[in-house]
Amino acid sequence: DSQKVKFYSKKPEIATVTEKSGALTPISPGIVQIYANDKNGKTIAAKMLTVKQRATAVTANVETLYLTPGEEYTLKPTLTPSTSTDVIQFRSVDESIATVRSASGVVTAKALGETTITIYAKGEAAWSDTNSENRKTTVQVIVREKQLTAEVVGENQIKATFSGNVPGVTKENFSVTQTNAAGVSKALGIESVIQYSRNEFLLTLEEPVFLTTENSAAALNFHSPNEE
């Protein structure tokens, strides 16, 4: 008697199936239909299967996050490999300092202090945080007052002083604008930034800062290292 049932895959690029035994081999993530035909070629059974791929690692887009109370930031981790179907979830160790939305990764600073956010890559959303099969990484969150004072110390130099330590700062973290009496502002290019103490910086501008009746104000702005 000839083989009565033969098995087939609608998408062999996702999963293959042996014709006689029905043994499945997953190939890539996705949804595939496996069906069985009788000896006359009529489909007598079919089933939809989901092929998943576990991540080998999850990586955060920042190691340390600097925020001020009330400020928000969205964490954007990546999975390895990028085709992984793992579910990413977020947890904050101390929600009195900073909270994080479990699914979206939006961090909200609540009070001064430090906490840690753990990023999990889970095979299923229902897995517990303590599941040994989870992949994970952490982000340190530092919430502080961001107080900045500025002083013009030369015709093209500004001294910037912060109330606390500010690591990882470059000239891209600063911007300087000058406003005339008519309220029209223009940006002044920054040639270099030198850090000469833990919280003091010397900015050298590409042109002089003129504070006259025509140019009545100059503003120094700071953008945190974790800001995009």
Consider only side-chain heavy atoms of I, L, V, M, F, W and Y, link residues closer than 4.5 Å, and tell whether Tyr8 and Ile14 are in one cluster.
no

Donor on one side chain, acceptor on other, Thr83 and Gln53, under 3.5 Å:
yes

Can you name the side-chain contact (heavy atoms from CB on, under 4.5 Å) partners of Ser185, sequence neighbours left out?
Thr179

Residues two or more places apart in sequence or in another chain: which of them pass side-chain contact (heavy atoms from CB on, under 4.5 Å) with Thr59?
Thr78

Residue pairs meeting salt bridge (charged side-chain N to carboxylate O under 4.0 Å, His left out), one or both in residues 168-182, sequence neighbours left out, come to none

Tell me whether Leu67 shares a hydrophobic cluster with Leu112, the cluster being built from Ile, Leu, Val, Met, Phe, Trp, Tyr side chains joined at under 4.5 Å.
yes

How is the hydrophobic cluster of Tyr196 composed, in terms of its other members, when Ile, Leu, Val, Met, Phe, Trp and Tyr link through side-chain heavy atoms under 4.5 Å apart, directly or indirectly?
Val153, Leu202

Minimum heavy-atom separation for Ala150 to Ile158, with atom names?
CB-CG2, 4.1 Å

Would a single hydrophobic cluster contain both Leu188 and Leu203, if residues Ile, Leu, Val, Met, Phe, Trp and Tyr are joined by side-chain heavy-atom contacts under 4.5 Å?
yes

Under 3.5 Å donor-acceptor, Ser84 side chain and Ala55 backbone
yes

Tell me every residue that passes side-chain contact (heavy atoms from CB on, under 4.5 Å) with Ser128, counting only those two or more places apart in sequence or in another chain.
Thr130, Asn131

Under the ring pair (Phe, Tyr, Trp, His ring centres under 6.0 Å) test, which residues partner Phe174, sequence neighbours left out?
Phe201, Phe222

If you group Ile, Leu, Val, Met, Phe, Trp and Tyr by side-chain heavy-atom gaps below 4.5 Å, do Tyr120 and Leu75 land in one group?
no

For Ser96 and Ala111, which heavy atoms make the closest approach, and how far apart are they?
O-CB, 3.5 Å

Heavy-atom closest contact (Thr74 atom, Val106 atom, distance)
OG1-CG2, 3.6 Å

Using the rule that Ile, Leu, Val, Met, Phe, Trp and Tyr join whenever any side-chain heavy atoms are under 4.5 Å apart, tell me whether Ile44 and Val17 fall into a single cluster.
yes

All side-chain contact (heavy atoms from CB on, under 4.5 Å) counterparts of Pro26, not counting sequence neighbours
Val51

Output every pair passing ring-ring contact (aromatic ring centres under 6.0 Å, His included) with a member in residues 79-118, not counting sequence neighbours, ordered by first then second residue.
none

For Thr64 and Ile142, what are the C-alpha separation, side-chain angles and deciding distance, and is it a side chain to side chain contact (heavy atoms under 4.5 Å, CB included)?
CA-CA 7 Å; Thr64 305; Ile142 299 175; 3.9 Å; yes

Can you find a heavy atom in the side chain of Ser92 that is under 4.5 Å from one in the side chain of Thr99?
no

Please identify each residue that fulfils side-chain hydrogen bond (donor to acceptor under 3.5 Å, both in side chains) with Glu191, with sequence neighbours left out.
none

What are the two closest heavy atoms between Arg144 and Thr68, and how far apart are they?
O-CG2, 3.2 Å

According to side chain to side chain donor-acceptor pair (under 3.5 Å), does anything in residues 23-37 pair up with another residue at least two apart or in another chain? List the pairs.
Asn37-Thr43

Heavy-atom pair with the smallest gap, counting every atom of Ala60 and Ile119
CB-CD1, 3.8 Å

Pairs where residues 97-117 contributes a residue and the test salt bridge (charged side-chain N to carboxylate O under 4.0 Å, His left out) is met, not counting sequence neighbours
none

Does a salt bridge link Lys122 with Asp129, judged by any charged N lying under 4.0 Å from a carboxylate O?
yes

Checking Arg91 against Ser102: is there a side-chain donor and acceptor pair closer than 3.5 Å?
yes

Please answer whether the main-chain N or O of Glu72 pairs with a side-chain N or O of Thr108 as donor and acceptor at a distance below 3.5 Å.
no

At their closest point, which heavy atom of Asp94 faces which heavy atom of Thr115, and how far apart are they?
N-OG1, 2.9 Å

Side-chain donor or acceptor of Gln89 paired with backbone N/O of Ala125 under 3.5 Å:
yes

Would you check, one step at a time, whether the test side chain to side chain contact (heavy atoms under 4.5 Å, CB included) holds for Leu205 with Val176?
CA-CA 9 Å; Leu205 307 181; Val176 179; 4.0 Å; yes

What's the verdict on side chain to side chain contact (heavy atoms under 4.5 Å, CB included) for Ile27 and Thr16, showing C-alpha distance, side-chain angles and the deciding distance?
CA-CA 7 Å; Ile27 303 298; Thr16 61; 4.2 Å; yes

Under the salt bridge (charged side-chain N to carboxylate O under 4.0 Å, His left out) definition, can you give me all pairs with a residue in residues 44-57, not counting sequence neighbours?
Lys52-Glu124, Arg54-Asp86

Going through the distances and angles, do Glu200 and Lys159 end up as a side chain to side chain contact (heavy atoms under 4.5 Å, CB included)?
CA-CA 7 Å; Glu200 294 178 306; Lys159 177 184 176 183; 3.3 Å; yes

